[in-house]
Structure formats: C-alpha cells, structure tokens
Colleague: 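Have a look at this one before I ask anything.
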Amino acid sequence: MNKLIQNAVAAVAVALMLASSAIAEGITPAAFQSVVDEAYAKYKGLNEGSNADYIPILAETPSDLFGVVIVTREGAIYSAGDVDYKFAIESVSKPFTAALVMKQQGPNAIREKIGLESTGLPFNSKLSLEIHKARSVNPLVNAGAIATVSMVDAKSEKDRWNQVLANISDFAGTKLTVLEDVYDSEYENVWGNRGIANLLYDYKRLYSEPEEALRVYTRQCSIGVNALDLGVMGATLANQGVNPITGKRVMPAKDVPGLLAIMATAGFYDQSGEWLYSAGLPAKTGVGGGIVAVVPGRFAIAAFSPRLNAAGNSIRSLSAIRYISGKLGVGLFGPNPDE
Ligand code: GLN
C-alpha cells in the first residue's frame with residue numbers, strides 16, 4: 001500500500017471510530033443539533049421574568065438575547081441563537097475558582113474551611129422555617145465564593161486576580177477579559193457582599209484582607225463570557241478536567257466528581273432541589289443569564305438569556321437545558337419526573 005492510501009485508510013478508521021463512539025453513546029451529531037434547535041425554538045418566545053437590576057447595568061442587557069449550545073468531551077459544538085454575545089459570567093465563575101483552590105490546597109480545604117452543605121441546618125431545624133435565606137457557606141453562595149477567592153494562594157491582590165482570571169480562561173480555552181462597566185456598576189453597589197466579607201473576616205473564615213477578596217470576587221463575576229465559552233468550561237468538567245478544545249489539563253481528574261457534587265446540591269441556590277429533581281444534572285447559574293450544566297463524562301449544555309426568576313436563575317436558559325436533558329434522556333437519576 002502506498003503512503004497516500006495508508007493515510008486515507010487511517011483517516012476513515014478514525015472517522016468510523018468517532019462516529020461509532022457518538023453512536024455508542026446513543027446520540028448522533030444530527031440528534032445533538034436537532035435537540036439544540038428544538039430547545040431554542042421552543043423557548044424563544046418565553047418572556048417571563050426580568051433582567052437582574054440590583055447591579056444596575058445588567059438591566060441594560062437586551063432581554064431578548066437567547067443562545068443554546070452543547071459542547072462534547074471530544075470538542076464537537078452544536079449551537080443555536082446568540083451564542084457569541086458577551087455577558088457577565090457572575091456566579092457561573094464560582095465553581096471554577098473552587099476548582100483552583102482544590103487543586104492548590106486539596107479538596108479537603110474547601111470541605112473544612114468553606115463547607116459543602118446547601119442549608120447547613122439540622123434535620124429538625126425550626127429556624128430554617130423562619131429564615132429561609134440563612135445558609136451556612138458552600139463555595140457557590142456569595143459568602144463561600146468570596147471566602148474561596150480569599151483562599152487562592154497569592155502573594156498580592158494582583159497575583160490573586162491574575163490566577164483567578166488565568167484559571168477561568170483555561171477552562172474556557174480562550175483569553176477572557178473583564179467587562180469593566182459591569183465591574184464598576186457592581187462594585188459601586190456592593191454593600192451586601194461587603195457586609196458578608198467583613199463578617200466572615202470577623203469570624204476568621206476569610207483568608208485575605210476583606211476588601212481585597214471583595215474586589216477580586218467582584219472582578220471575577222464581571223468576566224465577560226459567551227454561551228460557547230460556558231459550554232467549553234462545562235465540557236472541560238465533562239472531560240475529567242482536560243479542556244477538549246486546547247487539550248490542556250486545567251484541574252486534576254480526581255477533583256471533578258466532588259466539584260460536580262457541589263454544583264448538583266447548590267448550583268441553583270434555593271432552587272437547587274427543584275432543578276435536580278426536574279433536570280437531573282449538576283449545573284451553575286449566574287445573574288447575568290448564563291447557565292452551564294454537565295453530563296458527567298459526556299458533554300456540557302450551556303445557555304444564555306437575561307430574564308431571571310425569583311431565585312436569580314435565567315428562565316429561558318434553565319428551560320432549554322432541562323428540555324435537552326429530558327429529550328436526550330441524560331438526567332442522572334432517570335427520566336424527568338414531570339414528563
Ligand atoms: N456578583 C453577583 C453577586 O455577588 C453574583 C450573583 C449571582 O450571579 N447569582 O451578587
């Protein structure tokens with residue numbers, strides 16, 4: 001056989017392997033694309049909810065934007081709608097900085113110093129009935145996320161920020177930048193989070209100077225991403241910590257299951273139970289309108305649309321991702337109980 005034919009045979013073999021691995025998982029490329037198109041078409045007209053406005057500039061994002069994307073662990077991309085529009089990552093950033101701290105200090109540092117519980121109250125708590133919003137910390141609520149930023153091993157505020165940005169950029173496989181107008185708007189109105197940071201410091205649960213942690217946390221939340229970036233970040237988790245586009249290992253494979261467990265229990269705040277019940281996937285939302293969900297070992301589903309429900313979760317994004325999870329039958333616990 002001459003070299004040319006050999007190469008052609010090898011290429012066909014690789015193509016067959018790739019096709020059969022997609023089919024072995026039961027989902028063909030055409031099926032991926034059509035479920036994304038269906039989810040987009042089905043929820044494009046859903047106009048419930050409203051943009052976040054406690055960060056004034058977020059109210060100015062055009063509310064009708066909507067994008068849906070699937071990124072597989074092999075790096076295949078299926079998308080519909082506004083997947084290139086850059087919006088503020090907000091709380092979708094939180095698990096990724098937790099991953100950085102897990103890598104630097106081991107998963108137990110998060111477990112011991114931040115916590116893993118979504119309510120932190122005992123099974124027979126009467127208090128939980130009275131103060132629904134009171135939670136102890138996990139790395140995905142604001143208190144835990146600010147504390148997580150303070151735990152990054154850093155020599156200075158600049159070093160802390162550079163590490164946070166570089167880490168999230170590595171997950172996205174592209175050099176991300178801050179939306180400075182979002183940062184200014186959020187930092188001018190950051191009184192609640194400043195209160196949290198100061199209390200944590202007083203309770204010895206913050207590991208840097210509070211205003212430094214607050215500034216780096218707020219910058220982290222102001223990083224600009226599009227839906228596709230979120231999809232690649234999620235696909236990196238689906239791919240055991242290796243970015244499928246750049247091939248770079250971003251976190252140790254052994255830390256991924258723990259991080260996904262935290263996302264499953266707390267990624268949707270006080271709607272996390274409802275989300276896990278109906279969509280069956282670990283996920284993280286942000287008040288910018290982005291959500292990323294992970295089908296462990298397989299692919300990520302990400303979506304963006306600015307209108308939020310009362311828990312601060314994008315209504316179109318969560319609807320589209322839940323639909324795709326149900327339609328592809330990838331919910332971790334079986335079919336969606338509502339269907
Ligand atoms: N930066 C926002 C805040 O701290 C993040 C909230 C969110 O996305 N849920 O309030």
Side-chain angles (χ1 to χ4, degrees), residues 49-61 63 86-98 114 118 132-135 137-150 161 164-165 168 176 178-200 206 210-227 229-230 233-234 262-263 265-272 274-275 282-293 302-318 321:
S50 48
N51 287 34
D53 58 6
Y54 75 100
I55 300 169
I57 200 160
L58 296 184
E60 292 169 23
T61 311
S63 304
K86 289 278 184 184
F87 55 93
I89 187 169
E90 298 296 346
S91 295
V92 183
S93 60
K94 292 170 177 173
F96 300 95
T97 300
I114 308 279
S118 51
H132 182 60
K133 284 182 187 151
R135 297 168 166 217
V137 281
N138 63 61
L140 306 187
V141 294
N142 287 7
I146 296 167
T148 301
V149 163
S150 81
W161 164 244
V164 165
L165 180 65
I168 295 181
L176 300 172
V178 166
L179 302 174
E180 294 291 345
D181 50 353
V182 174
Y183 175 76
D184 291 343
S185 181
E186 183 157 349
Y187 192 62
E188 273 165 29
N189 293 280
V190 81
W191 303 108
N193 285 341
R194 180 172 287 119
I196 291 172
N198 285 333
L199 279 179
L200 285 176
L206 204 68
E211 200 65 23
E212 172 179 334
L214 185 66
R215 272 191 298 265
V216 175
Y217 165 79
T218 308
R219 279 194 93 67
Q220 167 184 301
C221 290
S222 308
I223 291 172
V225 287
N226 58 33
D229 296 328
L230 291 189
M233 292 168 77
I262 296 170
M263 290 166 67
T265 53
F268 264 68
Y269 307 111
D270 40 353
Q271 200 186 7
S272 297
E274 173 66 31
W275 168 256
K284 187 70 203 83
T285 72
V287 291
I291 303 181
V292 59
F304 159 64
S305 197
R307 292 195 192 92
L308 311 179
N309 64 17
N313 301 322
S314 165
I315 297 178
R316 277 180 180 161
S317 299
L318 78 84
I321 296 173

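Order of listing sets the numbers, starting from 1, for every ligand and every atom in it. Only heavy atoms go into these numbers, but all of them, side chains included; no hydrogens, no water, no symmetry mates.
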Colleague: Under 3.5 Å, is there a donor-acceptor pair between the side chain of Asn138 and the main chain of Val141?
Modeller: yes
Colleague: When you measure from the centre of the six-membered ring of Tyr187, is the NZ or CZ of Arg194 under 6.0 Å away and within 45° of the axis?
Modeller: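 Judged by the rule (NZ or CZ under 6.0 Å from the ring centre, within 45° of its axis), Arg194 counts as positioned above Tyr187.
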Colleague: Near Asn142, which atoms of ligand 1 are under 4.0 Å from a heavy atom of that residue?
Modeller: 3 (C), 4 (O), 10 (O)
Colleague: Which residue and non-hydrogen atom of the protein lie closest to atom 7 (C) of ligand 1, and at what distance in Å?
Modeller: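 So the nearest neighbour among protein heavy atoms is Ser91 OG, 2.5 Å.
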Colleague: Between Asn193 and ligand 1, which part of the residue brings a heavy atom under 4.0 Å of the ligand: side chain, backbone, both or neither?
Modeller: side chain
Colleague: Pairs of nitrogen or oxygen atoms closer than 3.5 Å, one from Thr285 and one from ligand 1: do any exist?
Modeller: no
Colleague: Please identify which atoms of ligand 1 are closer than 4.0 Å to at least one heavy atom of Tyr269.
Modeller: 7 (C), 9 (N)
Colleague: Which atoms of ligand 1 have any heavy atom of Glu186 under 4.0 Å away?
Modeller: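 Once the distances to Glu186 are compared, the set is 1 (N), 2 (C), 3 (C), 4 (O).
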Colleague: Is a donor on one side and an acceptor on the other found under 3.5 Å between the side chain of Lys284 and the backbone of Gly267?
Modeller: yes
Colleague: For Ala52, which residues count as a side-chain contact (heavy atoms from CB on, under 4.5 Å) partner, sequence neighbours excluded?
Modeller: Tyr54, Leu58, Val287, Leu308
Colleague: Are Asn189 and Ile55 side-chain neighbours, meaning at least one heavy-atom pair lies under 4.5 Å?
Modeller: no
Colleague: Of all the heavy-atom pairs spanning Gly312 and Thr285, show the shortest one and how long it is.
Modeller: O-OG1, 4.4 Å
Colleague: Can you list the atoms of ligand 1 that are under 4.0 Å from a heavy atom of Tyr217?
Modeller: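 Close to Tyr217: 1 (N), 2 (C), 3 (C), 4 (O), 5 (C).
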Colleague: Consider every N or O of Val287 and every N or O of ligand 1, then say whether any pair is closer than 3.5 Å.
Modeller: yes
Colleague: Please identify which atoms of ligand 1 are closer than 4.0 Å to at least one heavy atom of Tyr54.
Modeller: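 So the atoms of ligand 1 that pass are 2 (C), 3 (C), 5 (C), 6 (C), 10 (O).
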Colleague: For Cys221, take its heavy atoms, then give the atoms of ligand 1 lying under 4.0 Å from any of them.
Modeller: 1 (N)
Colleague: Check whether any side-chain N or O of Thr265 sits under 3.5 Å from a backbone N or O of Ser272 as a donor-acceptor pair, and report yes or no.
Modeller: no
Colleague: Which atoms form the tightest heavy-atom contact between Leu206 and Ala147, and what is the distance?
Modeller: CD1-CA, 3.6 Å
Colleague: If you count the atoms of ligand 1 from 1 in the order shown, which ones are under 4.0 Å from a heavy atom of Gly286?
Modeller: 8 (O)
